[in-house]
Amino acid sequence: MAKVTDDLVSLYAGSDALSIGELVRGKQVKASEMVDTAIHLVERLNPQLNAVIIETFDLARSMTSAPGDGPFAGVPFVLKNLGTLW
């Protein structure tokens with residue numbers, strides 16, 4: 001797990017997905033740093049928001065080893081679970 005710094009949090013919060021993808025492709029940041037930053041923010045904010053119910057952090061971390069080469073490669077994202085619970 002990468003150490004999440006205030007600079008990474010600021011970079012992540014101030015960037016859109018295309019910008020983060022460009023930074024990862026340009027090797028200015030690692031995909032693992034962006035995923036760990038996203039996880040850090042979810043862990044910090046989710047107790048108040050209660051937005052992330054199923055945490056798949058290990059899966060997200062495992063996918064950073066080969067992020068691909070598209071415009072959103074290496075960009076962490078959250079998916080809404082649209083399945084019913086009953």
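In this chain, residues are counted from 1 in sequence order.
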Side-chain atoms of residues 39-59: list all donor-acceptor pairs with protein atoms under 3.5 Å, sequence neighbours left out, distances to 0.1 Å.
residue, atom, partner, partner atom, Å
Asn46, OD1, Ala51, N, 2.7
Asn46, OD1, Val52, N, 2.8
Asn46, ND2, Val52, O, 2.9

With a cut-off of 3.5 Å and sequence neighbours excluded, list every side-chain donor-acceptor pair involving residues 7-24.
residue, atom, partner, partner atom, Å
Ser10, OG, Asp6, O, 3.1
Ser15, OG, Leu11, O, 2.6
Asp16, OD1, Leu18, N, 3.4
Asp16, OD1, Ser19, N, 2.8
Asp16, OD1, Ser19, OG, 2.8

> Does Val29 reach the side chain of Met34, with side-chain heavy atoms less than 4.5 Å apart?
Replying inline: yes
> What pair of heavy atoms forms the shortest contact from Ala31 to Gly74, and how long is it?
Replying inline: CB-CA, 3.7 Å
> In Å, rounded to the nearest 0.5 Å, how long is the span from OG1 of Thr64 to CD of Glu33?
Replying inline: 10.5 Å
> Do side-chain atoms of Arg61 reach the backbone of Val35 as a donor and acceptor pair under 3.5 angstrom?
Replying inline: no
